[in-house]
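Quick one: structure below, then a few questions.
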Amino acid sequence: MDKLRTVRGVNDLLAENLNNHNFVINKGLNISKKYCYSQIDTPIFEFSEIFTKPLGKTSDIVTKENYTFEDRSGDLLMLRPEGTSGVVRAFLNAGLTQDIPQRFSYFGPMFRYERPQKGRLRQFHQFGVELLGISSSMGDLEVISLANNFLKSLKLDNKIELKINSLGDTDSRLNYRKILVDYLNDFKKELSEDSIKRLKENPLRILDSKNPSDQAILIKAPDVLNYLNEFSKDRFEEVCDGLDSLNIDYKIDKNLVRGLDYYCHTAFEFITDQLGAQGTVLAGGRYDGLSEMLGGIQMPGVGWAAGIERLALMINANYKNNPDLVLIGLSEKFNLDLLQMIDRLIKDGIKTEILYTGNVSKKLKRANKINAQFAIIIGEDEISQNIVNLKNLKTGFQQVMKLGDAINEIKSLLNINSE
RNA sequence: GCGGGUGUAGCUCAGUUGGUUAGAGCGCGGGUUUGUGGUACCUGAGGUCGCCGGUUCGAAGCCGGUCACUCGCCCCA
């Protein structure tokens with residue numbers, strides 16, 4: 001380490017950015033609380049299998065993008081690359097299978113060893129929700145409705161569109177997989193290198209390839225939706241009809257596939273064109289097999305996760321942290337008096353900062369810079385008469401009065417209600 | 001992991017074909033103002049030109065490597 005810096009793909013969050021993040025998180029928590037989702041917090045690392053089992057052996061997240069390490073007792077651990085597996089694990093651990101449905105919301109850092117880009121970091125943050133124990137399409141519709149209202153509350157609904165698809169149940173999926181592989185095998189020579197590899201490992205992923213020659217081949221490829229069995233097809237129709245009656249706009253994208261193995265039936269992504277290659281801002285789907293993959297009982301689930309960084313890039317939460325009031329002493333010997341005064345001021349809900357150093361002129365300059373509304377200035381005279389000099393920094397008007405009167409004046413002018 | 005672009009002061013950026021002591025604006029410090037801010041004027045500090053090596057009498061500028069950011073691919077939120 002020759003210079004002070006963070007490791008690659010990992011950022012500090014300074015006031016303004018953090019404010020945007022918190023804005024996104026708070027909107028998410030608020031709206032999910034109204035849908036009766038309880039917040040849950042799970043560890044940021046788990047035994048590796050918690051992720052490797054459900055995510056699938058061929059997913060990049062498991063094969064090359066994880067942060068894995070052995071701890072001192074020799075256990076193989078992984079920094080979580082996503083949130084769902086941990087939440088389901090916690091749900092199983094807590095024995096909540098006896099009390100379904102369960103609704104969870106969560107947020108926190110996730111870790112993937114990827115090539116960093118804007119909106120794609122190695123430590124990044126997700127906000128997500130999971131609904132466990134509801135197998136009908138109503139579950140899918142509920143979480144999509146929640147997502148839609150979440151994005152609306154961020155005023156992003158006009159910049160983002162919803163794409164959905166269905167992967168069908170296991171039977172449909174395996175059947176379609178066979179048909180797709182048969183079709184693609186005829187074009188093997190024209191497929192991209194990546195896609196040839198995926199033909200064996202995870203052929204469905206070829207569907208969302210951006211390679212032009214792949215795309216040309218895909219135009220005539222068999223359509224997943226035509227190969228769903230009766231049950232899966234009906235289920236997908238229920239979801240589409242449901243979205244119609246909820247007035248949620250969507251586009252069916254037959255090439256939309258989720259990257260992780262545990263998904264089935266409904267898959268959806270909310271996508272923007274404003275973030276370049278990182279356009280997926282919120283994505284999710286149904287994962288009825290996940291619980292069993294972890295060794296639990298059969299337990300249907302559906303949920304989504306949103307990229308907090310990506311959403312934060314699209315909003316501007318108007319960061320403000322200016323004091324209502326600054327306290328100024330004529331010299332440093334009044335600083336302790338000011339510190340005593342703060343007890344009372346914060347009880348009245350007044351955001352107060354003490355300016356400790358410099359002469360009065362410097363302190364007022366500083367007060368301007370941090371955009372304070374009022375200043376209380378004290379010196380020998382004020383102390384001896386038990387009064388303060390209250391100055392309105394916007395108008396320049398100032399007068400001496402009792403501290404209690406000053407507090408009332410500030411509160412009434414700034415509309416502050418004490419708590 | 002692959003391909004392209006960028007990297008000069010705290011910030012935004014100039015810097016000609018390789019040529020003396022690398023500049024501007026904003027910001028920051030001090031002063032005009034020892035109990036009163038915003039404006040104005042004066043003034044000062046701040047740079048290993050991302051890092052390492054090479055070419056050259058001489059490199060911020062050229063060459064190689066490397067690190068970081070960024071765009072696309074990949075992956076995905």
Next on the checklist: Please report the distance, rounded to the nearest Å, between CG in L151(A) and P in A77(B).
Outcome noted: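 About 15 Å, once rounded to whole Å.
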Item to check | Gap in Å between the two P atoms, one belonging to G29(B) and one to G72(B), rounded | outcome: 40 Å
Item to check | Rounded distance in Å between the P positions of G65(B) and G25(B) | outcome: 39 Å
Item to check | Complementary nucleotide of U20(B), counting Watson-Crick and G-U pairs under 3.5 Å | outcome: none
Checklist entry - Given the C1' atoms of A45(B) and G23(B), what is the spacing between them in whole Å? => result 16 Å
Item to check | Inter-nucleotide P distance (C71(B), U66(B)), Å rounded | outcome: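 Nearest-Å result for C71(B) against U66(B) at atom P: 22 Å.
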Next on the checklist: In whole Å, measure the gap between the C1' atoms of G61(B) and U8(B) for me.
Outcome noted: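 It works out to 11 Å between them.
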Item to check | Counterpart base for G38(B), defined by Watson-Crick or G-U wobble contacts under 3.5 Å | outcome: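 Across any shown strand, G38(B) pairs with none.
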Item to check | Value in whole Å for how far the P atom of C2(B) lies from CD of E114(A) | outcome: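 These atoms are roughly 15 Å apart.
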Next on the checklist: Using every non-hydrogen atom in the two residues, find where N211(A) and S192(A) come nearest and quote the distance to one decimal.
Outcome noted: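 In this case the closest contact between N211(A) and S192(A) is ND2-CB, 3.5 Å.
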Next on the checklist: Heavy atoms only, 4.0 Å cut-off, all strands: where does G119(A) land among base, sugar-phosphate and nothing?
Outcome noted: base
Item to check | Rounded P spacing from G1(B) to G44(B) in Å | outcome: 50 Å
Item to check | Pairing partner of C2(B) (Watson-Crick or G-U wobble, both distances under 3.5 Å) | outcome: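 Because both required distances fall under 3.5 Å, C2(B) counts as paired with G72(B).
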Item to check | Length of the line joining Y67(A):OH and C76(B):C1', which is rounded to integer Å | outcome: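 Between C1' of C76(B) and OH of Y67(A): 15 Å.
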Item to check | Any side-chain heavy-atom pair of F69(A) and L79(A) under 4.5 Å | outcome: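 In contact.
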Checklist entry - Say you pick atom C1' in C63(B) and the same atom in A22(B); how far apart are they, in whole Å? => result 23 Å
Checklist entry - G61(B): syn or anti, with syn meaning chi within 90° of zero? => result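 With its glycosidic angle within 90° of zero, G61(B) counts as syn.
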Next on the checklist: I want to check one thing: is the phosphate of U70(B), taken as OP1 and OP2, less than 4.0 Å away from some side-chain N or O of K118(A)?
Outcome noted: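 Negative; the distance criterion is not met.
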Item to check | NZ/NE/NH1/NH2 to OD/OE distance under 4.0 Å, E309(A) and R120(A) | outcome: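 Result for this pair is no, no salt bridge flagged.
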Checklist entry - Considering only C76(B), A68(B), C73(B), which nucleotide approaches the side chain of R205(A) most closely? => result C76(B)
Next on the checklist: With a sphere of 6.0 Å drawn around CZ of F45(A), does it hold more than 12 non-hydrogen atoms of other residues, nucleotides or ligands?
Outcome noted: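 No.
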Item to check | Closest nucleotide among C71(B), C75(B), U36(B) to the R198(A) side chain | outcome: C75(B)
Next on the checklist: Taking the six-membered ring for Trp, are F187(A) and Y183(A) closer than 6.0 Å centroid to centroid?
Outcome noted: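 Here the rings of Y183(A) and F187(A) have centres that are less than 6.0 Å from each other.
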Checklist entry - With a non-hydrogen cut-off below 4.0 angstrom, is G128(A) in contact with a base, only sugar-phosphate, or nothing? => result nothing
Checklist entry - Ion pair present between E380(A) and K333(A), side-chain N to carboxylate O less than 4.0 angstrom? => result yes
Item to check | Matching residue for F127(A) among F150(A), Y106(A), F104(A) - test: ring pair (Phe, Tyr, Trp, His ring centres under 6.0 Å) | outcome: F150(A)
Next on the checklist: Check this one for me: any side-chain N or O of Q117(A) less than 4.0 Å away from OP1 or OP2 of G72(B)?
Outcome noted: yes
Item to check | Test of ring centre spacing under 6.0 Å for F124(A) and F111(A) | outcome: no
Checklist entry - Using purine N1 to pyrimidine N3 plus N6-O4 or O6-N4 for Watson-Crick, or N1-O2 and O6-N3 for G-U wobble, each under 3.5 Å, what pairs with A14(B)? => result none
Checklist entry - Paired with U55(B) by Watson-Crick or G-U wobble geometry, both distances under 3.5 Å: which nucleotide is it? => result none
Checklist entry - Between C73(B) atom P and D208(A) atom CG, what is the distance in whole Å? => result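 Rounding to the nearest Å, CG of D208(A) and P of C73(B) are 12 Å apart.
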Item to check | Closest nucleotide among G37(B), A77(B), C74(B) to the Q278(A) side chain | outcome: C74(B)
Checklist entry - Can you tell which of C69(B), A77(B), G1(B) lies closest to the side chain of Q126(A)? => result A77(B)
Checklist entry - Out of S291(A), S135(A), S136(A), which residue meets the side-chain contact (heavy atoms from CB on, under 4.5 Å) rule with P300(A)? => result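 That would be S135(A).
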Next on the checklist: Taking atom types as they are modelled, would you say the side chain of R310(A) forms a donor-acceptor pair with the base of C76(B) within the 3.5 Å cutoff?
Outcome noted: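 Present.
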Item to check | Opposite nucleotide pairing with G27(B), Watson-Crick or G-U, both atom distances under 3.5 Å | outcome: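 Paired with G27(B), as far as the under-3.5 Å criterion goes, is no nucleotide at all.
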Checklist entry - In whole Å, what is the span from the NZ atom of K210(A) to the P atom of C74(B)? => result 5 Å
Checklist entry - Got a sec? Which of residues 356-381 of chain A come in under 4.0 Å of RNA chain B, heavy atoms? => result V360(A), S361(A), K362(A), L364(A), K365(A), N368(A), K369(A), I377(A), D381(A)
Next on the checklist: Can you tell me which residue among D241(A), D140(A), D169(A), D288(A) is in a salt bridge (charged side-chain N to carboxylate O under 4.0 Å, His left out) with R235(A)?
Outcome noted: D140(A)
Checklist entry - Where the side chain of R8(A) is defined as all heavy atoms beyond and including C-beta, which of A77(B), C69(B), C71(B) is the nearest nucleotide? => result C69(B)
Checklist entry - In whole Å, what separates the P atom of U33(B) from that of G27(B)? => result 23 Å
Item to check | Contact nearer the 5' end of RNA chain B, comparing P116(A) with F124(A) | outcome: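 Result: P116(A).
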Item to check | Pairing nucleotide - G47(B), Watson-Crick or G-U, each distance under 3.5 Å | outcome: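 Result: none.
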Item to check | Interatomic distance where CG belongs to D194(A) and P belongs to C73(B) [whole Å] | outcome: 12 Å
Item to check | Side-chain donor/acceptor contact of R115(A) with base of G72(B) under 3.5 Å | outcome: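 A donor-acceptor contact between them is absent.
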Checklist entry - Can you check the L79(A) CG to A77(B) C1' distance for me, whole Å? => result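 Going from CG in L79(A) over to C1' in A77(B) covers 17 Å.
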Next on the checklist: By the 4.0 Å heavy-atom rule, please label E382(A) as base, sugar-phosphate, or nothing.
Outcome noted: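 Base contact.
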Checklist outcome for this item: Assign each of V7(A) and L330(A) the nucleotide of RNA chain B bearing its closest heavy atom; nearer the 5' end lies the nucleotide of L330(A)
Item to check | I206(A) CD1 to C74(B) C1', straight-line distance once rounded to whole Å | outcome: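 Value for this atom pair: 14 Å.
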Checklist entry - Contact class for E82(A) vs. all strands (heavy atom < 4.0 Å): base, sugar-phosphate, or nothing? => result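 It contacts nothing in the nucleic acid.
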Checklist outcome for this item: The single option from L403(A), I328(A), I354(A) that satisfies side-chain contact (heavy atoms from CB on, under 4.5 Å) with I376(A) is L403(A)
Next on the checklist: Looking at the base of C74(B), is there any donor atom on it, or on the side chain of R120(A), that sits under 3.5 Å from an acceptor on the other one?
Outcome noted: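 Between C74(B) and R120(A), which were checked side chain against base, a qualifying N/O pair under 3.5 Å is present.
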